[in-house]
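Single-structure report; data block below.
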Amino acid sequence: MTAASERVAIRGVAHGGDGVGSAEGDPRTWLVPGALPGEVVLAARTETRPRMIRGKVLEVVTAGASRVPAPCAIAGVCGGCGWQHVEPAAQAALKGEIVEGLLRKVEHPTIKVVASPAALGYRRRARVHFEHRREGLALGFMGRSGVVDTPDCVVLDGPLRHAFARVRELRGVLPAQGEIHGISDGTRAVLGFASSSDVLGQRVPLPALRGDAERALNAVLDGVLVGVLAPGIAVGEVALEIDAGPEDMAIRTGPFAFAQAQAQQNAALVAEVLDAAGGGHRRGIELYAGSGNFTRGLATACRWLEAVELDPVGCNNLQQVASRLALRGAKMQVRRESAVSTLARAAAAGERYDLVVLDPPRGGLGTKAAGDLAKVATGRIVYVSCDPATLVRDLAVLGQGRRVGRVTVFDMMPMTPEVEVVVSLV
């Protein structure tokens, strides 16, 4: 043991996936990325605060029961996965522990944990980056020092791996750097370049890009879209139908709209949300409705449903879902507006909803919007969260006068510490 290293015993795992532990004789908590519960590691300090120390692993002295060799050759370098060293069966349990730790001050029933049916090859949606280098095109996820070239990512499904491999054939018409979004339906994939101006520029003539993209298409790579909004460049079929789900109604979506990373777990997530929501509601509102993932089932659970989404791409998909639901007798309205604005206006107007379902981004609602939601919600609230820390912050406001009826944790993205949680308040 060198003077720069300290022996740290790891007792748990924190939100974000860092190991939580302590050094002998020091009351401060250590946070150590890559360390696992039950391990003893030699760690070097990277940040020291009055009550907390951040460190990095220099050596694993005693390995934990859940540590395994990483299945990916670039684990620890690539920024796409942080838990390649964790045994797949243990990952869901650790995510349950993360949520349990964050909810320790909130009265709640026993947490249910839904493990992922697959640890590798599951991911149907991804955003990767690229940049030209002297040695060629680097295409992959962002690491600590830039783009990490990832020739064959083990967590992507087959169609996405194939599609990103085809991008390398477009290297001659790509700009110096950029990002690409991809979506797969399990058989085919569609790619989207984030900005037409980034891709076209002055040195990439439209005919050259279109021609190269057309030559890259095949039975798996079904389409290439350049530019998030019109007027863009569309080559081939740039939308896929995914998640047939409730009412046997698939969502037609493209690479720039949000979709859960895993099809099988998303089906389980939708079932959980609809079960938690129940039925027979007079008036419901869905905030951050996206492309209609939950809307399809919620429309039959309410006599009247308002679906709120700000993103123009998601809102367009949501409108298509709403039109099909209307043909089946559903009564609903799609509102293109931010959830924060909707809640502020509804609270000021004294509007009331006996069902509220929300699926916000990582930032959650925030205390002001949570306060407005608490005013307008007269019945059940179903909160879907991809960041349990901001969820707990919002629950401090929403939980007043309500109790937590159920908590379900989904391992939506194995090989990462990402957590998806569904909490119902009644």
Side-chain angles (χ1 to χ4, degrees), residues 124-127 160 163 179-186 188-200 213 221-261 263 266 269-270 273 284-300 302 304-343 345 357-361 384 386:
R124 65 174 180 179
R125 181 180 68 85
R127 181 181 66 176
L160 266 191
E179 67 178 38
I180 308 170
H181 300 236
I183 182 76
S184 159
D185 66 2
R188 301 169 301 156
V190 172
L191 299 179
F193 292 83
S195 170
S196 57
S197 61
D198 288 343
V199 176
L200 295 178
L221 177 54
D222 213 28
V224 173
L225 179 64
V226 180
V228 178
L229 299 175
I233 303 167
V235 178
E237 180 61 57
V238 295
L240 300 171
E241 289 197 343
I242 62 172
D243 300 328
E247 304 297 314
D248 191 28
M249 185 185 297
I251 294 174
R252 187 168 177 79
T253 189
F256 296 118
F258 174 79
Q260 290 290 352
N266 182 62
L269 176 70
V270 171
V273 169
I285 187 168
E286 182 188 6
L287 304 169
Y288 308 96
S291 294
N293 195 33
F294 305 126
T295 314
R296 296 165 297 171
L298 294 175
T300 62
C302 306
W304 173 258
L305 177 69
E306 295 175 30
V308 180
E309 175 56 49
L310 180 62
D311 175 67
V313 178
C315 197
N316 179 64
N317 294 340
L318 184 63
Q319 289 280 11
Q320 296 178 41
V321 170
S323 296
R324 284 180 284 171
L325 286 169
L327 294 175
R328 302 185 184 191
K331 295 181 178 180
M332 63 174 294
Q333 176 188 15
V334 175
R335 191 192 305 276
R336 186 183 169 192
E337 187 178 35
S338 75
V340 171
S341 297
T342 295
L343 289 171
R345 179 177 43 75
V357 176
L358 64 156
D359 184 7
V384 184
C386 62

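Computation of the quantities below employed the complete heavy-atom set of this structure, encompassing side-chain atoms and omitting hydrogens, waters and symmetry-equivalent molecules. If you read the sequence from its start, that first residue is 1, and numbering goes on from there.
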I'd like to know whether CZ of R328 has more than 12 heavy-atom contacts from other residues, nucleotides or ligands below 6.0 angstrom.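 It does: R328 CZ has more than 12 such atoms within range.
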Please walk me through it: do L287 and I285 pass side chain to side chain contact (heavy atoms under 4.5 Å, CB included)? CA-CA 6 Å; L287 304 169; I285 187 168; 3.8 Å; yes
Item to complete: Give the intermediate values and the outcome of side chain to side chain contact (heavy atoms under 4.5 Å, CB included) for residues L240 and I183.
Response: CA-CA 8 Å; L240 300 171; I183 182 76; 4.2 Å; yes
Of all the heavy-atom pairs spanning [X] and [Y], show the shortest one and how long it is.
X	Y	result
L191	A163	CD1-O, 3.6 Å
Q260	N266	CG-OD1, 3.2 Å
A194	F256	CA-CE2, 3.7 Å
D185	E241	CB-O, 3.8 Å
M332	A299	SD-CB, 4.4 Å
I242	A259	CD1-CB, 3.9 Å

How long is the straight-line distance from [atom2] of [Y] back to [atom1] of [X], given to the nearest 0.5 Å?
X	Y	atom1	atom2	result
L310	R335	CG	CZ	13.0 Å
F258	N293	CZ	CG	8.0 Å
H181	F193	NE2	CZ	11.0 Å
R127	E179	CZ	CD	5.0 Å
R296	D248	CZ	CG	10.0 Å

_Set out, in order, the CA-CA distance, both residues' side-chain angles and the distance that settles side chain to side chain contact (heavy atoms under 4.5 Å, CB included) for D359 and V357, then state yes or no._
CA-CA 7 Å; D359 184 7; V357 176; over 6 Å; no
Counting C-beta onward and ignoring hydrogens, is there a side-chain heavy-atom pair between [X] and [Y] closer than 4.5 Å?
X	Y	value
V384	L358	no
M249	L325	yes
R125	S184	no

Exercise for the section: Assess whether side chain to side chain contact (heavy atoms under 4.5 Å, CB included) is satisfied between L269 and F294, documenting all intermediate values. Expected result: CA-CA 9 Å; L269 176 70; F294 305 126; 4.0 Å; yes
(request) Name all residues meeting the side-chain contact (heavy atoms from CB on, under 4.5 Å) criterion together with S341; count only those two or more places apart in sequence or in a different chain, and write none if there are none. (result)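 Listed in chain order: E337, S338.
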Across all chains, not counting sequence neighbours, the side-chain contact (heavy atoms from CB on, under 4.5 Å) partners of V238 are V190, L225, A234
### Task
For the pair D243 and R124, find out whether any cationic side-chain nitrogen is under 4.0 Å from an anionic carboxylate oxygen.
yes
query = Would you call E237 and R252 a salt bridge, using N to O less than 4.0 angstrom?
reply =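 Counted as a salt bridge, because a side-chain N and a carboxylate O are separated by less than 4.0 Å.
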Would you list the atom pairs, donor with acceptor, under 3.5 Å between side chains in residues 314-322 and any protein atom, with sequence neighbours excluded?
unit_1	atom_1	unit_2	atom_2	d
N317	ND2	T253	OG1	3.2
N317	ND2	S291	OG	3.1

